Novice: 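There's a structure below that I have some questions on.
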Amino acid sequence: MADAPLLEVEDLHVDFRVRRGLFGAASYTVHAVAGVSFRIERGETLGIVGESGSGKSTLGRALLRLVDATRGSIRLGGQEVGELRGRMLDFRRDLQVIFQDPQASLNPSMVVADIVGEPLTIHFGLRGRERDARVADLLERVGLATYHLERYPSEFSGGQRQRIAVARALALEPRLIVCDEPVSALDVSTQSQAINLLEELQESFGIAYLFIAHDLAVVRHISHRVGVMYLGRIVELGPVDRVHDRPAHPYTQMLLAAAPVTDVATQRQRKAIRRRLPATELPSPIDPPTGCPFHTRCAHAMDICRREMPETSSIDGGGWVACHLQSVGPRLAGAPLDRMVADRSA
Ligand code: SF4
């Protein structure tokens with residue numbers, strides 16, 4: 001299994017039962033993740049983007065086994081994680097997580113030395129001076145100093161708290177870290193410092209990341225490839241520059257059109273795209289639309305889109321897209337944003 005991908009996810013589904021109505025009389029199924037497949041190689045970063053409610057965080061939690069998958073397969077280094085029953089400590093060591101809100105994910109009553117040191121004791125049996133030395137080394141790696149060791153999380157800024165969370169994740173020498181919106185709560189300059197840190201650590205240790213975010217621009221800086229999620233499915237996946245510069249799926253185009261940019265010409269292009277987009281909300285994952293799940297919001301929706309789920313098609317420049325435009329009307333698919341505006345204005 002040495003040449004197996006680091007992580008291989010196949011047809012993953014996560015459903016939740018929710019109760020509603022008087023005394024919870026009615027129950028519904030929320031299809032939070034609805035058939036997701038992808039791979040991550042060693043030392044690679046796969047970005048996952050989508051609106052809130054797209055299922056991207058549930059996907060991350062299913063990989064970490066914080067929620068149960070309804071069906072599908074998750075293999076880490078070729079080993080099915082559902083079959084690791086006696087080796088869950090190894091699994092926890094290989095797969096770590098950094099959450100969006102370090103304030104909530106760090107125990108407020110523990111000092112940094114214990115927050116970072118506790119996993120070293122549990123997993124490696126390190127104690128005393130040996131543990132202290134390892135913690136000090138980890139803090140240095142993430143740009144903190146030894147005088148921070150005896151401080152509590154409340155004594156740090158948001159960016160520093162996220163560094164503590166990174167040090168704790170690194171302590172176990174993981175092969176993969178699920179980063180769930182790790183920079184969303186930080187200001188812009190602290191965001192870029194945190195992303196630079198993650199990139200440096202990847203270079204030093206060969207760690208892979210699944211980097212979940214709602215902002216394609218943030219993902220672009222750190223990812224090698226990116227998958228775009230909509231209503232529990234990945235609708236486009238490919239090299240990050242291709243997806244950013246030549247988005248093939250109308251939903252990816254919509255996400256990009258909504259992203260803030262500083263360049264005036266690009267602002268005008270994106271405003272023109274936004275004006276042509278139907279102003280509808282994300283449909284409910286309890287009762288997703290038939291056919292292509294994006295058809296209720298898509299400016300290019302055709303009859304076939306309302307009836308049939310699109311298959312995936314390869315895209316020039318790498319990756320794939322799930323959209324009927326590829327087979328029925330490929331004129332707009334894979335178009336750069338400026339051509340989309342021109343075509344839609346015609
Ligand atoms: Fe739009 Fe149809 Fe493509 Fe779905 S399949 S994104 S509705 S064009």
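Numbers here are sequence positions counted from 1. Note that the structure is a prediction, hence the values are computed from the model and not measured. Both counts, for ligands and for their atoms, begin at 1 and track the order of listing.
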Novice: Does a donor on one side chain sit under 3.5 Å from an acceptor on the other, for Asp15 and His13?
Specialist: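 On atom types as modelled, these side chains do not qualify, holding no pair under 3.5 Å.
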Novice: Around atom 1 (Fe) of ligand 1, how many protein N/O/S atoms fall inside 2.8 Å?
Specialist: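 That number is 1, waters not included.
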Novice: Which atoms form the tightest heavy-atom contact between Pro310 and Cys323, and what is the distance?
Specialist: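 For Pro310 and Cys323, the tightest heavy-atom pair comes out as CB-N, 3.6 Å.
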Novice: Ala32 and Phe16: which non-hydrogen atoms are nearest, and at how many Å?
Specialist: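 Between these two residues, the closest heavy atoms are CB-CE1, 3.7 Å.
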Novice: Just say parallel, tilted or perpendicular for the rings of His148 and Phe156, cut-offs at 30° and 60°.
Specialist: tilted
Novice: Ignoring hydrogens, what is the shortest heavy-atom contact between Pro293 and Met309? Give both atom names and the distance.
Specialist: CD-SD, 3.7 Å
Novice: Quick check against the 3.5 Å criterion: does Thr190 have a side-chain atom that pairs as donor or acceptor with the backbone of Leu186?
Specialist: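 Answer holds: no.
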